[in-house]
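Heads up: the structure comes next, in structure tokens.
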Amino acid sequence: MKNIKVLGYGSSLPPNIVTNDDLSKIIDTTDEWIVKRTGIKERRVSKDETTAELATEAARKALDMSKLEASDIDLIIVATSTPDYFFPSTGCLVQKEIGAINATCFDLAAACTGFVYAMDVALQYIKSGKFRNVLIIGAEIMSKVIDWKDRGISILFGDGAGALIISATTEEKISESYTKSDGTKADVLKVLGTSLIDIYENDKMISRGTITMNGQEVFKFACNVIIETITELLRKAILNIDDIDHIVLHQANYRIIEYVANKLNINIKKFFMNLDRYGNTSAASIPIALDEMYQNDMLKSGQKIMLIGFGGGLTWGGILLEL
Ligand code: COA
């Protein structure tokens, strides 16, 4: 069994900022309500950038930092629920742009848990010895699947991409994962897929895929599964919470993070947060957070970090990694 080391971080965010005040001009809401209920102040919304373009820019930055050549990359996994195309995969589009000629490439869809699932797949491939250097990307253009008039949804989401390069190492490093799904709750958070979209009514095309969500049910689910995932990862790694330097939760809502911190009696400072600036970027939120932590000199070799995702499916899971 091989151990895992992080070699590079990168992220890419559209420059266009949409503030809560901007939203209050198109829906009945206020900056005060959104900040109090979610912690979100603004989000990035793509004007021209595509999912593959954001993914490629994040990948280039991670590759630069890793000092690997693009041809050293064995596997590219892009976690996304908002790809440019169902095929070719976003992974193949990134491969073409960066010239990762030796990589196997695919996309993985697990909503906001996508990055954690993708990282788990990458860990298993590296540990089995099949692949050595893996580029994992979370990239989303959530703004295109949102009904901007739905105030229970449009306030929450944003666009962006983040990337990580992990590699096999002989250094002693802890890496654990925990993943779960519950398809019986598929209805509480969903975006229509192409096969379900009604395109004709009286010979007219009538609808596009948009997110629907039972916010309160998702809120309760998130709190429960985060606590379950933290507990399971600590049990598997035989560690306790004081051994963990940072917990990077999927950036959905400040109140979810605050609830978990209080319930488990963990200092809230242990939870990195940037949701105030980017909102919920779905599968991209964890790698964007990691890149920002790296840029702010918060990540040091030997630190132990937890990455925890949760979202539509329902899906959830976490990775415990020693840097
Ligand atoms: N601005 C102002 N008022 C709003 C509003 C908005 N953007 N959205 C909803 N409201 C109103 C509701 O209409 C309701 O009014 P009423 O009491 O007159 O009926 C009131 O605020 C309370 O609505 P409710 O839905 O109970 O609010 P909430 O405290 O549950 O917060 C969410 C709503 C969506 C912020 C919250 O449920 C949430 O964050 N859930 C988790 C969602 C999530 O993270 N999803 C992604 C997971 S990956």
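Everything numeric in this text was worked out from a predicted model, so none of it was measured. Remember, it's 1-based here, ligands and their atoms both numbered in the order they're listed.
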Worksheet item: When you measure from atom 48 (S) of ligand 1 to every protein heavy atom, which one gives the shortest distance, and what is it?
Response: C112 SG, 3.3 Å
Fill in: Protein heavy-atom partner closest to atom 36 (C) of ligand 1 - residue, atom, separation in Å
R255 NH2, 4.1 Å
Item to complete: Go through Y178 and D120 one step at a time and tell me if the side-chain contact (heavy atoms from CB on, under 4.5 Å) criterion holds.
Response: CA-CA 8 Å; Y178 173 76; D120 185 40; over 6 Å; no
Discussion item. At less than 4.0 angstrom from any non-hydrogen atom of T29, what atoms of ligand 1 do you find?
Written reply: 1 (N), 2 (C), 6 (C), 7 (N)
Discussion item. H250 versus ligand 1: do any nitrogen or oxygen atoms come within less than 3.5 Å of each other?
Written reply: no
Worksheet item: Tell me: protein heavy atom nearest atom 45 (N) of ligand 1, and distance?
Response: M213 SD, 3.3 Å
Worksheet entry | Which residue and heavy atom of the protein sit nearest atom 46 (C) of ligand 1, plus the separation | N280 ND2, 3.5 Å
Response to the item:
So NZ of K269 and CD1 of I266: to nearest 0.5 Å the spacing works out to 15.0 Å
Practice prompt. If you have a sec, work out which protein heavy atom is nearest atom 26 (O) of ligand 1 and how many Å separate them, to one decimal?
Written response: Q216 NE2, 2.5 Å
Fill in: Atoms in ligand 1 with a heavy atom of A252 nearer than 4.0 Å
44 (O)
Worksheet item: At a 4.0 Å threshold, what atoms of ligand 1 neighbour a non-hydrogen atom of I155?
Response: 7 (N)
Worksheet item: So, R235 and E176, do they make that salt bridge, N to O below 4.0 Å?
Response: no
Practice prompt. Before accepting this row, confirm whether a basic side-chain N of the pair E42/R277 lies closer than 4.0 Å to the acidic partner's carboxylate O.
Written response: no
Worksheet entry | atom 24 (P) of ligand 1: any protein heavy atom closer than 4.0 Å | yes
Worksheet item: Does the N16 side chain pair with the main chain of R44, one donor and one acceptor, at a distance under 3.5 Å?
Response: no
Discussion item. Give me the residue, atom name and distance of the protein heavy atom closest to atom 27 (O) of ligand 1.
Written reply: R37 NH1, 3.3 Å
Practice prompt. Run the salt-bridge test on R60 and E57 with the 4.0 Å N-O cut-off and return the result as yes or no.
Written response: no
Discussion item. Under 4.0 Å and counting heavy atoms only, is there anything from the protein next to atom 11 (C) of ligand 1?
Written reply: yes
Discussion item. Would T38 count as being in polar contact with ligand 1, using the rule that some N or O on each side must be under 3.5 angstrom apart?
Written reply: no
Practice prompt. Please indicate, with yes or no, if any protein heavy atom is found under 4.0 Å from atom 18 (O) of ligand 1?
Written response: no
Worksheet item: Would you find a donor on one side and an acceptor on the other, under 3.5 Å apart, between the side chain of D243 and the backbone of N240?
Response: yes
Discussion item. I'd like to know if D28 contacts ligand 1, where contact means a heavy-atom distance under 4.0 Å to any ligand atom.
Written reply: yes
Fill in: R43 side chain vs V18 backbone, donor-acceptor pair below 3.5 Å
yes
Worksheet item: atom 4 (C) of ligand 1: which of W33, F219, F310, Y254 has the nearest heavy atom?
Response: W33
Worksheet entry | Under-4.0 Å protein heavy-atom contact, atom 32 (C) of ligand 1 | no
Practice prompt. May I ask you to check whether F310 and H250 place their ring centres under 6.0 Å from each other?
Written response: yes
Worksheet item: Using 30° and 60° as the class limits, which term best fits the ring planes of Y9 and Y294: parallel, tilted or perpendicular?
Response: parallel
Worksheet entry | Side-chain donor or acceptor of R151 paired with backbone N/O of D28 under 3.5 Å | yes
Practice prompt. Specify the protein heavy atom at minimum distance from atom 15 (O) of ligand 1: its residue, its atom name, and the distance to 0.1 Å.
Written response: R151 NH2, 4.4 Å
Worksheet, complete the sentence: min-distance protein heavy atom vs atom 39 (O) of ligand 1 -> N253 ND2, 2.7 Å
Worksheet item: In ligand 1, which numbered atoms sit nearer than 4.0 Å to a non-hydrogen atom of G215?
Response: 37 (O), 40 (N), 41 (C)
Worksheet item: In terms of side-chain geometry, is the basic nitrogen of K300 or D297 positioned less than 4.0 Å from the acidic oxygen of its partner?
Response: yes
